[in-house]
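The first residue in the sequence is number 1, and the count goes up from there.
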Amino acid sequence: MKLSLKRPFGRSMTGGLDLAEAPPPPSPRSAARKTALVSLAFVLAIVGALVGGYYFAMRPVTLKIAVGPANSDDVKVVQALTQAFTQTKGQVRLRPIQTDGATASANALAEGKVDLAIVRGDLDVPKNAQAVATLRKNVVVLWSVPGKGKKRGAKITKISQLAGHRVGVVGRTQANVNLLKVILQQYGVDPAKVEIVQFPANEAAEAIKAEKADVYLAAGPVNSKITADAIAASTKDFGAPSFLAIESADAIAQNHPIYEASEIPAGTYGGSPARPEDEVKTISFSHHIVARKGVSETTIAAFTRQLFAVRQQLVTEFPLAAKIETPDTDKDAVIPVHPGAAAFVDGEEKTFLDKYSDYIWWTLMALSAMGSIGAWFAGYLKKDERDNNSHLRERLLDMIAAARKCETTDELDQMQAEADVILRDTLRCFDHGAIEEGSLTAFNIALDQFHAAVADRKAVLFSLPQNLQRAGAQFRAAGNA
C-alpha cells in the first residue's frame with residue numbers, strides 16, 4: 001500500500017511555519033517510472049533498428065542487365081520483363097543496358113558494369129558469370145538451294161559435300177561463323193576450303209535471291225521468324241530447299257559440352273509439302289541469363305522467383321517467354337549456377353528471418369547483457385549515496401525517541417529543521433534512482449511517526465505553565481553540567 005507524501009509537506013517543520021507558503025521542492029520522479037521509460041525507449045530503439053534493417057534489406061533493388069543487339073527478341077523480352085517487374089512492385093527492378101550483341105554483353109558483365117547479362121552459351125562466358133536461367137534454346141539450321149540457270153549445280157544434301165562451296169551465314173556475329181567451323185571440322189571438311197559469306201539478318205532474303213551462297217546457315221529458336229523468312233525466300237525463288245542433317249550431333253555435344261544434340265520437327269517452317277518433310281537432326285545451344293558472382297544471393301533468389309512468376313504473363317505477347325527454364329544446378333554444369341538461383345530451384349530460399357535470425361538473437365542477447373552490466377554499474381556508483389541516506393533514516397528514527405523527551409519547543413524546532421534536511425536528501429536520492437519506492441515508503445512512515453511525536457510533545461509543552469517549562473530546562477541543564 002502506497003502512502004501519500006503530501007502529509008510531510010503539509011505539516012509545520014521549522015518554527016511552526018507552513019512550508020506550503022514556501023516554494024515547493026521539485027516533485028520526485030518515481031524510480032520505477034524512470035526505469036519503465038528507459039526500458040520503453042530501449043525497446044523502441046531496438047524495434048526501430050530492426051524495422052530499419054528490414055526495410056534496408058527488403059527495399060527494391062535495381063539490377064542492370066546487358067542485352068543486345070537492338071530490336072532483337074532478347075531485347076524485347078527483357079523490356080517486357082522490366083515492365084512486368086515494375087507493375088508487380090517486386091523486390092527487384094531491371095534497368096536494360098543495350099549492347100551490340102551477346103559478346104558485348106558478356107564483356108560488360110566481366111568488367112563489372114552490369115549485374116546481369118544475356119549471353120550465348122557457345123561463347124566465352126566470363127569467369128565471374130553464374131547462371132540464373134536459360135532464356136531460350138537455339139537450333140542450327142542448314143539448308144541448300146539448287147540455284148538457277150548457269151549457277152545451278154549438283155544438289156547438296158550432306159555436310160561432307162561443302163568443300164569448295166559457298167556457305168551463307170545469317171547474322172553478323174562471329175559466333176555463327178565459329179559454329180559453322182565446328183560442324184565442318186567434325187565432318188573433316190577444312191574450313192579454309194569453304195567460302196563463308198556473312199550478311200545481316202534483315203538482308204537474308206536479298207542475299208538468297210542474289211544467290212550469294214549454295215548453302216545457308218541460321219541459328220535461332222526453333223520458331224525463329226528470321227530463319228522462317230529466310231527459308232521461305234529460298235522456296236519462293238528456287239523451290240523446296242534441302243535440309244542438311246547434322247548426324248554427328250551427339251559426337252559434337254560430347255566434344256563440345258556447350259552444344260546439345262537436338263532435332264527440328266517435321267513441318268516446323270510450314271509449307272506444302274512440309275518444310276522439312278521429316279525430322280532433322282541438329283545441334284542446339286542456349287542463351288543464358290547470367291549474374292555477376294558478387295551480386296547478393298538474396299537478390300538473385302528474388303529475381304529468379306519474380307522471373308518465373310511473370311513468365312506466363314508474357315507468353316501471349318512473347319511466346320519465347322514460355323521457353324524460359326531453370327538453370328542446371330549440377331556441380332559439373334558448363335556455367336556454374338548462382339547460389340541464389342540454386343536456392344530458388346532447390347526450394348531452399350531463405351527468408352529475412354531465416355537469414356538474419358541468428359544475428360538478431362545474438363544482438364538482443366548482447367544488448368541485454370550490456371543493459372544488465374550498465375544497471376549494475378549505475379547501482380554501484382550510487383552505493384555511497386544510498387548508504388548515506390540509510391544512515392539519515394536511522395537518525396530520523398532516533399529523533400522520534402528524542403522528540404518525546406524534549407523539554408522545550410526550541411529543541412523540537414531544531415529537530416524539525418534537521419528532518420527537513422533529511423527529507424530533501426531522501427527525495428534527491430529517490431529522484432536520482434539511488435533508493436527505490438519501497439525505501440521511500442519506509443521513510444514516509446518514519447517521517448509520519450516523527451511528526452506525530454513532535455506534535456504530541458508540543459501539545460504537552462504548551463499545556464504546561466511557562467515557569468514549569470523554564471524550571472525543567474534549568475534542571476536538565478544542571479543535570480548535564
Would you give the length of the straight line joining atom CG of Asp122 to atom NE2 of His287, rounded to the nearest 0.5 angstrom? 8.0 Å

Verify whether one side chain among Asn107 and Glu111 offers a donor that lies under 3.5 Å from an acceptor in the other. no

Using the rule given for side-chain contact (heavy atoms from CB on, under 4.5 Å), can you reason through Val454 versus His451, listing the C-alpha separation, both sets of side-chain angles and the distance that settles it, and then say yes or no? CA-CA 5 Å; Val454 170; His451 285 311; 5.5 Å; no

dist Tyr259:OH -> Ile183:CD1 (nearest 0.5 Å) comes out at 7.5 Å

Indicate every side-chain donor-acceptor pair of residues 322-336 with a distance under 3.5 Å to a residue at least two apart or in another chain.
unit_1 : atom_1 : unit_2 : atom_2 : d
Asp328 : OD1    : Asp330 : N      : 3.0

Could you please spell out the steps behind the salt bridge (charged side-chain N to carboxylate O under 4.0 Å, His left out) verdict for Asp425 and Arg428? CA-CA 5 Å; Asp425 182 86; Arg428 183 173 61 255; 2.7 Å; yes

Are any of the side-chain nitrogens in Lys225 or Asp73 under 4.0 Å away from the carboxylate oxygens of its partner? no

Residues Gln130, Val132; criterion side-chain contact (heavy atoms from CB on, under 4.5 Å); working and verdict: CA-CA 7 Å; Gln130 294 181 318; Val132 174; over 6 Å; no

If you look at every heavy atom in Gln198 and Gly171, which pair is closest and at what distance? NE2-O, 2.9 Å

Donor-acceptor pair, distance only, cut-off 3.5 Å: does the side chain of Gln306 make one with the backbone of Val92? yes

Measure the shortest side-chain to side-chain distance between His338 and Ile289 over non-hydrogen atoms and say whether it is less than 4.5 angstrom. no

Starting at CD of Glu263, measure out to CD1 of Ile246 and round the result to the nearest 0.5 Å. 11.5 Å

For Ile300 and Ala291, which heavy atoms make the closest approach, and how far apart are they? CD1-CB, 3.7 Å

Heavy atoms of other groups near Ile226 CD1, more than 12 under 6.0 Å: no

Value rounded to 0.5 Å, distance of CG in Asn388 from OG1 in Thr426: 9.5 Å

Leu116 and Val295, any side-chain heavy atoms less than 4.5 Å apart: no

Report yes if some heavy atom in the side chain of Ser286 is under 4.5 Å from a heavy atom in the side chain of Lys137; otherwise report no. yes

What's the shortest heavy-atom distance between Gly121 and His288, and which atoms? CA-CD2, 3.8 Å

Using the test ring-ring contact (aromatic ring centres under 6.0 Å, His included), find all partners of Phe85 that sit at least two apart in sequence or belong to another chain. Phe303

Taking atom CG as the centre, does Asn202 end up with more than 12 heavy-atom neighbours from other residues, nucleotides or ligands that are less than 6.0 angstrom away? yes

Might you confirm whether atom CG of Asp398 has over 12 heavy atoms from other residues, nucleotides or ligands at distances under 6.0 Å? yes

Can you spot which of Val170, Leu217, Val141 makes a side chain to side chain contact (heavy atoms under 4.5 Å, CB included) with Thr227? Val141

Check whether any side-chain heavy atom of Ser105 lies under 4.5 Å from a side-chain heavy atom of Ile118, and answer yes or no. no

Would you sort out whether Thr99 and Val114 count as a side-chain contact (heavy atoms from CB on, under 4.5 Å), showing the intermediate values? CA-CA 11 Å; Thr99 64; Val114 295; over 6 Å; no

Kindly give the heavy-atom pair with the smallest separation between Met415 and Met399, and that separation in Å. O-CE, 3.0 Å

Assess the residue pair Gln186 and Asn255 against the criterion (side-chain contact (heavy atoms from CB on, under 4.5 Å)); give the C-alpha distance rounded to whole Å, side-chain angles, the decisive distance to 0.1 Å, and a yes or no. CA-CA 9 Å; Gln186 180 63 37; Asn255 297 329; 3.5 Å; yes

N-O pairing of Asp115 and Lys64 below 4.0 Å: no

Positive for side chain to side chain contact (heavy atoms under 4.5 Å, CB included) with Gln79, one of Val77, Leu81, Val75: Val75

Does Asn223 CG have over 12 foreign heavy atoms under 6.0 Å away? yes

Mind checking whether Leu392 and Glu418 have side chains closer than 4.5 Å, heavy atoms only? no

Salt bridge Asp74-Arg136, side-chain N to carboxylate O under 4.0 Å: yes

Interatomic distance, Ser284 atom OG to Asn138 atom CG [nearest 0.5 angstrom]: 8.0 Å

Report, as yes or no, whether the 6.0 Å neighbourhood of atom CD on Gln174 holds more than 12 heavy atoms from other residues, nucleotides or ligands. yes

Rounded to the nearest 0.5 Å, what separates atom CG in Leu423 from atom CD in Gln416? 12.0 Å

So which heavy atom on Arg395 is nearest to which on Ile422, and how close? CG-CD1, 4.1 Å

Minimum heavy-atom distance between Leu109 and Val290, given as atom pair plus value: CD2-CG2, 3.6 Å

